[in-house]
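This report refers to the structure that appears directly beneath it.
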Amino acid sequence: MVTAEKARVATIWLSGCSGCHMTFLDQDEALIDLAKKIQLVYSPIADVKVFPENVDVTLVEGAVANDHQEEMIKFARERTKILISLGDCAVTGNVPALRNAWVKSDEAVLKRAYIETADVNPQIPTEVPELLPKAHPLHEFVKVDYYIPGCPPPSGVVNYVITELLAGRTPNMEGKSKYG
Amino acid sequence: MLKDDNRKGMLEKVLKENDYQESALLEILHKAQEIYGYLDKNLLTYVANVLKLPPSHVFGVATFYSYFKLKAPGQHVVTGCLGTACYVKEVEDIMSAIENEFNVKRGGSTSDGKLSLFMTRCIGACAMAPNIIVDDEVIGKATKEVVLERIKLALEGGASA
Amino acid sequence: MSIGTTTLKIDGIEVTVPEGTTILNAAKANGINIPTLCYLEGLTPWGGCRICMVEIHGTPKLFPACATPVNTGMEVITQSEKLREYRKMVVQLLLSERTHVCSVCVANNACELQKLADELGVDHVMFERNWTSQEIDSTHKSLVIDRNRCILCTRCIRVCDEIEGVHILDLKNRGKDSQIIIDLDQKWGDSDYCTSCGKCAKVCPVGAIYVESEALSETKDKHIAEFILSRRNR
Amino acid sequence: MKPADIQKIAEHEVDFQRAYKHRINVCTSSGCVPFGALKVLKAFEEAVKEFGVEKECKVARTGCVGTCSVGPAVIIEPGDYLYQSVTPEKVREIVRDHIVLGLPMKENLYSNEAFFTKQQRIVLKNAGKIDPHRVEDYIAMGGYSALVKCITRMTPQGVIEEVKDSGLRGRGGAGFPTGQKWSLVARAHGSPKYIVANLDEGDPGVFANRTLAEADPHSIIEGMVIAAYAVGAEKGYIYIRAEYPLAIQTLKLALEQARVLTLLGDNILETGLKFNIELRFGAGAFVAGEETAILASVEGRRANPRPRPPYPANSGLWGKPTLIQNVETLANIPNIVHYGGEWFAKYGTPRCTGTKCFSLTGKINNPGLIEVPMGITLREVVFDIGGGIPDGRKFKAVLVGGPSGGCLPETLLDLPIDYEALTRVGAIMGSGGIVVIDDQSCMVDTAKFFTDFCVEESCGRCNPCRAGLARVKEIFDGITKGEGKMEDITTLEKSSGYIKEASLCGLGQTAPNPVVTTLRYFREEYVEHVVEKKCRAGRCFKNLNSEANKQ
């Protein structure tokens with residue numbers, strides 16, 4: 001195995017349920033083949049603190065819902081050649097964006113979660129990143145190169161897109177981009 | 001139920017004149033609005049029943065056309081023309097001034113129900129743009145100052161047209 | 001009097017169909033698939049969703065296949081780069097118009113809009129989405145309407161008017177503010193005329209009208225209009 | 001009433017009018033009434049009595065002469081002296097000096113000769129000259145003689161041929177050849193056949209049709225009856241905007257007069273011809289001007305356009321063959337029948353014959369209603385007739401064709417006005433709106449204004465127009481608030497192309513025109529807005545600035 005020739009791949013987890021990461025792992029035996037071609041340089045399942053430079057492919061799960069995530073995704077974009085929105089939250093906003101229909105949704109959603117439905121000690125947390133007024137899909141902040149919708153996306157499609165990209169081809173999403 | 005009064009009599013006459021034709025729905029709604037000031041659900045139900053039209057159809061028609069009002073307008077009505085000539089002559093500035101001065105949003109009324117602010121499709125007095133209509137009076141080549149003054153006068157005088 | 005036939009070309013293939021056939025049916029009869037959405041067999045074509053647009057040689061305009069009758073010598077093109085782009089645009093605009101979240105929708109996996117997005121490869125929406133907050137009306141004993149998912153195809157209105165015959169459904173307002181209404185825009189449970197036949201739920205292409213606590217795959221029936229119509233015309 | 005009686009009425013009326021040495025025409029159209037025209041009329045009636053000249057001086061109310069910015073306008077004949085901005089106070093002086101002493105008051109006369117010299121009045125030939133409330137006035141000017149000619153000396157086919165020879169094209173916007181349309185309806189199977197006259201002038205900034213109805217209602221009615229004779233229609237509807245109360249009142253009266261003279265009815269002029277007209281009122285829906293939408297509206301339904309074919313000529317009102325024409329088209333007909341198609345074709349250009357009425361407004365010295373030969377250049381209209389830009393400002397653009405027209409820059413001012421030339425540069429004839437804008441206007445904000453209008457007026461039936469325009473509007477909101485991105489410009493272009501090509505009816509198909517033309521001719525302003533957050537006209541980012549100021 002010659003590490004230098006492997007593609008440098010990262011995954012990011014924003015506002016999502018981690019289901020898309022599960023899907024990534026659900027590639028099962030296909031992961032073994034994939035492991036020969038890629039090197040995971042940043043991921044919630046790898047212990048790396050800072051998003052590295054010169055990343056070939058970054059897969060992003062989740063919507064952009066707070067200021068930290070906005071900063072993070074812009075930073076990652078600068079250091080990534082190919083950025084992929086993975087799953088409905090990243091592609092459409094999905095469940096995290098359901099709050100967008102509310103008036104002043106950032107305040108309202110915190111109030112709902114931490115006050116109205118709290119059993120003990122109701123209070124809104126302060127030492128955490130600030131929510132954006134709305135939750136957004138990724139491409140409303142940064143340029144996204146490929147999209148893999150699905151909640152979660154079928155692992156076969158995730159594998160297909162990565163494989164095609166590694167082979168230097170453009171994936172064709174017709175018949176493969178099922179939302180939900 | 002529609003109250004039995006003079007107005008109902010007038011409406012019945014209109015319906016009869018139009019032979020209870022379905023196709024006269026717009027004419028009938030025009031007249032009904034003239035008689036009652038606006039079209040409330042009671043009135044629409046009555047029209048639907050008499051013309052033997054589905055209520056949803058009547059409601060659909062009444063809400064499609066912006067000329068029909070489903071809510072009672074205020075005592076005084078100010079209408080801005082949204083024609084192109086008026087736009088070019090900055091009618092928008094006057095409208096914003098009215099909104100700020102009287103605390104009313106276009107399409108709505110003041111909380112005391114004294115003043116409603118509407119926009120209308122071009123009234124065709126484009127050469128005199130910008131035009132603002134205060135009650136039934138067209139103010140051509142309107143300026144903020146003149147319009148605000150005129151509205152204040154109407155509100156104070158209470159003399160509704 | 002015998003009905004004549006019309007010969008035309010669809011995607012280069014010469015086809016002969018009865019006079020007055022629509023392009024859509026002419027194509028279907030000859031194994032050519034044109035995507036549809038607001039169209040439903042048995043109901044008057046609406047021509048609103050534009051997904052079935054086709055090109056006709058010799059005119060710069062696009063025509064809805066569902067509502068355009070064939071003409072002798074017509075050369076119809078059902079697939080082209082432009083049509084693909086425009087069909088994708090249709091789906092993107094529909095998805096952007098209201099709150100379409102497949103993962104939490106009753107129609108997930110039984111939705112025509114979702115299926116079209118998949119088939120056409122609409123993997124994202126270039127427009128900022130609108131997140132609407134229309135109140136869900138579940139006052140009827142079994143039928144529910146969630147206008148946040150409505151794509152204004154008007155199938156429900158047409159089936160209620162043309163097949164069931166009561167016309168309790170219609171549209172109010174116009175343009176982007178259009179909404180499906182029940183009678184005088186009242187709660188469904190208060191409707192005087194609704195026969196609770198459920199055809200609206202059967203034909204709804206998305207999850208906007210559905211039968212409460214029943215799986216959508218069980219309640220949908222897209223052949224109901226055509227079936228009743230053919231029985232009626234026997 | 002027999003056909004020959006029309007001639008008798010005309011002769012009688014001409015004799016009656018000759019008895020007067022002077023005629024004072026007071027414009028009492030919608031443009032002048034708000035500025036006291038009715039008081040001026042009353043003042044003239046009193047003044048001629050006061051000076052004892054009521055026997056030699058006729059005071060008449062008339063329709064619009066076109067100089068709407070200097071109303072109330074008064075014309076004194078003979079000599080066509082046009083007095084501007086007449087007040088009741090000035091009336092006495094005018095009667096004394098002009099009528100009694102024979103000394104026209106030069107300082108009160110409309111001085112802009114060019115406003116009239118470049119015009120060619122065919123449709124508006126009676127506007128400002130006749131009393132629209134008197135059918136005799138119209139008949140004295142040769143009115144209804146064309147109808148008499150048709151029903152006594154021409155076959156329906158002959159009338160259609162004459163219209164074909166004239167080259168007349170629909171004045172409602174699209175420019176479909178009128179004669180050809182008549183043939184289609186005449187040949188169509190089904191009865192009864194209908195005529196719908198479109199007076200739902202919904203374009204903001206346009207008032208030509210209203211003026212016509214207020215100034216010369218019988219020309220529309222005569223045009224309709226001739227059309228009915230030619231195509232074999234029995235019933236006609238005039239679909240008029242409810243926002244035009246004076247025009248409605250004038251038309252109602254005219255219809256009543258025409259019925260009394262049996263120019264309408266079950267046995268027109270005792271020739272057995274049957275044709276009746278009813279008024280139908282619009283209710284504030286721009287889209288109702290579209291030909292299939294107007295049908296829905298006349299039938300009492302939501303004004304949703306429907307896909308064509310079938311075309312209204314074959315399947316219109318209640319599924320019957322229907323001729324839909326704009327009222328300006330119809331008002332041309334009596335002239336064409338009277339003077340012949342060949343005469344008409346001498347005006348304008350070979351491809352676009354005749355004249356067109358335009359409502360000239362915006363930042364211009366002489367706004368008003370004009371009628372010009374087709375093929376006249378925009379420069380002549382803006383600078384010669386319109387007198388250029390007021391207050392020494394700089395010309396920036398001219399909007400031709402209403403809310404779905406195009407914004408044309410100075411470099412296109414020498415463009416001749418005809419259907420094809422306008423379409424080529426991204427504008428349309430529309431219903432004849434010309435709005436001049438100067439350097440105080442922002443082109444991005446202007447495109448946004450028109451988009452907002454079309455979003456509000458979209459019927460909602462088809463996806464491109466309903467959802468597409470709404471997204472375009474949101475993008476404009478973002479750009480003018482300072483949130484624009486360069487991708488937005490690409491998205492605007494892509495969506496515009498889609499909306500134009502995929503929309504069901506003319507509204508959607510033309511709605512992106514202002515966006516497309518401003519992007520084409522004023523792109524640098526978009527880039528400025530997006531990149532520099534700068535609006536050279538100072539119209540945009542207003543809230544942004546005021547918030548910044550507060551901080």
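Order of the sequence lines sets the chain letters (A, B, ...), proteins ahead of strands, with each chain counted from 1.
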* Counting heavy-atom pairs under 4.5 Å to chain D, which of Cys81(B), Gly60(B), Gly140(B), Ala62(B) comes out on top? -> Gly60(B)
* Select, from Ala283(D), Pro367(D), Cys68(D), Ala288(D), the one with the greatest count of heavy-atom pairs under 4.5 Å involving chain B. => Ala283(D)
* For Ala285(D) against Phe64(B), the heavy-atom pair lying closest together -> CB-CE2, 3.8 Å
* Structure fact -> Of the listed Val58(B), Val88(B), Val61(B), the one with the largest count of heavy-atom pairs under 4.5 Å with chain D is Val88(B)
* Around atom CD of Glu22(B), are there more than 12 heavy atoms of other residues, nucleotides or ligands at under 6.0 Å? -> no
* Return the minimal non-hydrogen interatomic distance between Pro204(D) and Leu82(B), and the atom names on each side. => CB-O, 4.0 Å
* Closest heavy-atom contact between Val138(B) and Pro34(D)? -> CB-CB, 4.0 Å
* To do: Under 4.5 Å heavy-atom distance to chain B, tell me which part of Asn366(D) shows up: side chain, backbone, both or neither.
  => neither
* Where does Ala303(D) contact chain B at under 4.5 Å (heavy atoms): side chain, backbone, both or neither? -> both
* Over 12 foreign heavy atoms within 6.0 Å of CE, Met10(B) -> no
* Asked: Relative to chain B, which segment of Arg280(D) carries a heavy atom at a distance below 4.5 Å: side chain, backbone, both, or neither?
  -> both
* Do the charged groups of Glu90(B) and Arg539(D) touch, with an N to O distance under 4.0 Å? -> yes
* Asked: Would one find more than 12 heavy atoms of other residues, nucleotides or ligands at under 6.0 Å from atom CG of Asp112(B)?
  -> yes
* Asked: By a 4.5 Å heavy-atom criterion (distance strictly below it), what part of Leu29(B) contacts chain D: side chain, backbone, both, or neither?
  -> neither
* Asked: For Lys144(B), does the NZ atom sit with more than 12 other heavy atoms under 6.0 Å from it, leaving out its own atoms?
  -> no
* Structure fact -> Okay, Phe453(D) and chain B: the region with an atom under 4.5 Å from a heavy atom over there is side chain
* Asked: Heavy-atom distance under 4.5 Å to chain B: side chain of Ser297(D), backbone, both or neither?
  -> both
* Considering residues, nucleotides and ligands other than Asp5(B), do more than 12 of their heavy atoms fall under 6.0 Å from its CG? -> yes
* Which region of Glu457(D), side chain (C-beta onward) or backbone (N, CA, C, O), has a non-hydrogen atom less than 4.5 Å from a non-hydrogen atom of chain B, or is it both or neither? -> side chain
* To do: Go through the atoms of Val70(D) and report whether side chain, backbone, both or neither lie under 4.5 Å from a heavy atom of chain B.
  => neither
* If you draw a 6.0 Å radius around NZ in Lys39(D), do more than 12 non-hydrogen atoms from other residues or ligands fall strictly inside? -> no
* Expected output: side-chain Glu27(B) to main-chain Phe281(D) donor-acceptor under 3.5 Å -> yes
* Report the distance from atom CD1 of Ile248(D) to atom NE2 of His30(B), rounding to the nearest 0.5 Å. => 7.5 Å
* Return yes when atom NZ of Lys396(D) has more than 12 non-hydrogen atoms of other residues, nucleotides or ligands closer than 6.0 Å, and no otherwise. => yes
* Determine whether more than 12 heavy atoms belonging to other residues, nucleotides or ligands lie under 6.0 Å from atom NZ of Lys41(B). => yes
* Asked: In Å, rounded to the nearest 0.5 Å, how long is the span from CG of Leu25(B) to CZ of Arg301(D)?
  -> 11.5 Å
* **Ile364(D) versus chain B, the contacting section by heavy-atom distance below 4.5 Å** => neither
* Looking at Thr446(D), Val435(D), Ile437(D), Val298(D), which has the largest count of heavy-atom pairs under 4.5 Å with chain B? -> Thr446(D)
* With the side chain counted from C-beta on, respond yes when Lys89(B) and Lys363(D) share a heavy-atom pair under 4.5 Å apart, and no when they do not. => yes
* Should the pair Tyr87(B) and Phe449(D) be assigned to parallel (<30°), tilted (30 to 60°) or perpendicular (>60°) ring geometry? -> parallel
* Where do Gly362(D) and Ala85(B) come nearest, in terms of heavy atoms and distance? -> N-CB, 4.3 Å
